[in-house]
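Here the structure is laid out as structure tokens; the discussion comes afterwards.
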Amino acid sequence: QVQLVESGGGSVQAGGSLRLSCAASGYTYSSNCMGWFRQAPGKEREGVATIYTGSGSTYYADSVKGRFTISQDNAKNTVYLQMNSLKPEAAAMYYCAAGSEVIWVGFCSIASHFGYWGQGTQVTVSS
């Protein structure tokens with residue numbers, strides 16, 4: 001049974017930083033897509049950043065480029081999202097997601113590819 005457990009959310013002032021963690025268990029994919037999505041109240045879920053674990057290739061939403069960094073620790077089966085220079089509009093529930101084994105990194109930019117989801121961790125940014 002695949003499990004994704006997020007941690008690291010919290011409250012921060014605008015301009016501050018947070019690091020989210022996502023510990024994955026229950027699968028043995030060597031090359032898959034993992035990512036972070038977020039959903040604010042009244043808004044649709046949006047992709048924030050994804051990573052292809054086979055090569056480390058990353059994808060970022062335009063709104064977070066240069067401020068957020070997604071990374072992986074394969075030994076720990078954990079993916080991180082370092083969020084710097086946080087803006088109030090970044091406040092949302094952040095979800096970790098994972099897809100099944102793939103050989104094409106392009107799947108990581110397709111939201112519907114992600115079939116496994118965590119429970120989410122709340123990020124609040126005050127102005």
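Predicted model only: the values in this text are computed from it and were never measured. All values below come from the heavy atoms of this structure, side chains included, with hydrogens, waters and symmetry mates left out.
- When hydrophobic clusters are built by joining Ile, Leu, Val, Met, Phe, Trp and Tyr residues whose side-chain heavy atoms come closer than 4.5 Å, directly or via intermediates, Ile70 is grouped together with Tyr116.
- Surrounding CD of Glu101 are more than 12 heavy atoms belonging to other residues, nucleotides or ligands, all under 6.0 Å away.
- Ser25 pairs by the side-chain contact (heavy atoms from CB on, under 4.5 Å) definition with Gln3, not counting sequence neighbours.
- Under the 4.5 Å side-chain heavy-atom criterion for ILVMFWY residues, a single connected hydrophobic cluster contains both Val125 and Val64.
- Partners of Glu46 by salt bridge (charged side-chain N to carboxylate O under 4.0 Å, His left out), not counting sequence neighbours, listed by chain and number: Arg38.
- The two atoms that bring Ser17 and Ser85 nearest to each other are OG-N, 4.3 Å, heavy atoms only.
- Residues passing the side-chain hydrogen bond (donor to acceptor under 3.5 Å, both in side chains) test with Asp62 are Lys65, sequence neighbours excluded.
- Taken to the nearest 0.5 Å, the NE2 atom of His113 stands 7.0 Å off from the CG atom of Asn32.
- To the nearest 0.5 Å, atoms SG (Cys22) and NZ (Lys76) are separated by 14.0 Å.
- Summarising the geometry, atom OG belonging to Ser55 is positioned 12.5 Å from atom CD1 belonging to Ile103; distances are rounded to the nearest 0.5 Å.
- Transitive grouping of hydrophobic side chains (ILVMFWY, heavy atoms separated by less than 4.5 Å) brings Ile51 and Val2 into a common cluster.
- A 6.0 Å sphere centred on CD of Gln119 holds no more than 12 heavy atoms belonging to other residues, nucleotides or ligands.
- The list of ring pair (Phe, Tyr, Trp, His ring centres under 6.0 Å) pairs with a residue in residues 14-57, not counting sequence neighbours, reads Tyr27-Tyr29, Phe37-Phe114, Phe37-Trp117.
- Without hydrogens or angle criteria, Gln13 side chain to Ser126 main chain gives no donor-acceptor distance under 3.5 Å.
- Contact between Thr124 and Ala91 at its shortest, heavy atoms only, is CA-CB, 4.2 Å.
- Minimum heavy-atom separation, Tyr94 to Glu6: O-OE2, 4.0 Å.
- Heavy atoms only, all atoms of each residue included: Thr78 and Ser21 are closest at CG2-CB, 4.4 Å.
- Residue pairs meeting the ring pair (Phe, Tyr, Trp, His ring centres under 6.0 Å) criterion with at least one member in residues 53-72: none, sequence neighbours excluded.
- Both Val105 and Ile110 belong to a single network of hydrophobic side chains, linked directly or stepwise wherever heavy atoms of I, L, V, M, F, W or Y lie under 4.5 Å apart.
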Test log, rule side chain to side chain contact (heavy atoms under 4.5 Å, CB included), inputs Tyr80 and Gln82: CA-CA 6 Å; Tyr80 304 97; Gln82 178 66 45; over 6 Å; no

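- Checked against side-chain hydrogen bond (donor to acceptor under 3.5 Å, both in side chains), Ser109 has no partners two or more places apart in sequence or in another chain.
- Annotation for Thr50 and Cys108: closest pair OG1-O, 2.9 Å, computed over non-hydrogen atoms.
- Put simply, the side chain of Val123 reaches to within 4.5 Å of the side chain of Met83, judged on heavy atoms.
- Across every non-hydrogen atom of Gly47 and Ala61, the tightest pair is O-CB, 3.4 Å.
- At a threshold of 4.5 Å between non-hydrogen side-chain atoms, the residues Met34 and Thr53 count as touching.
- Val79 and Tyr95 are not part of a single hydrophobic cluster, where members link through side-chain heavy atoms under 4.5 Å apart.
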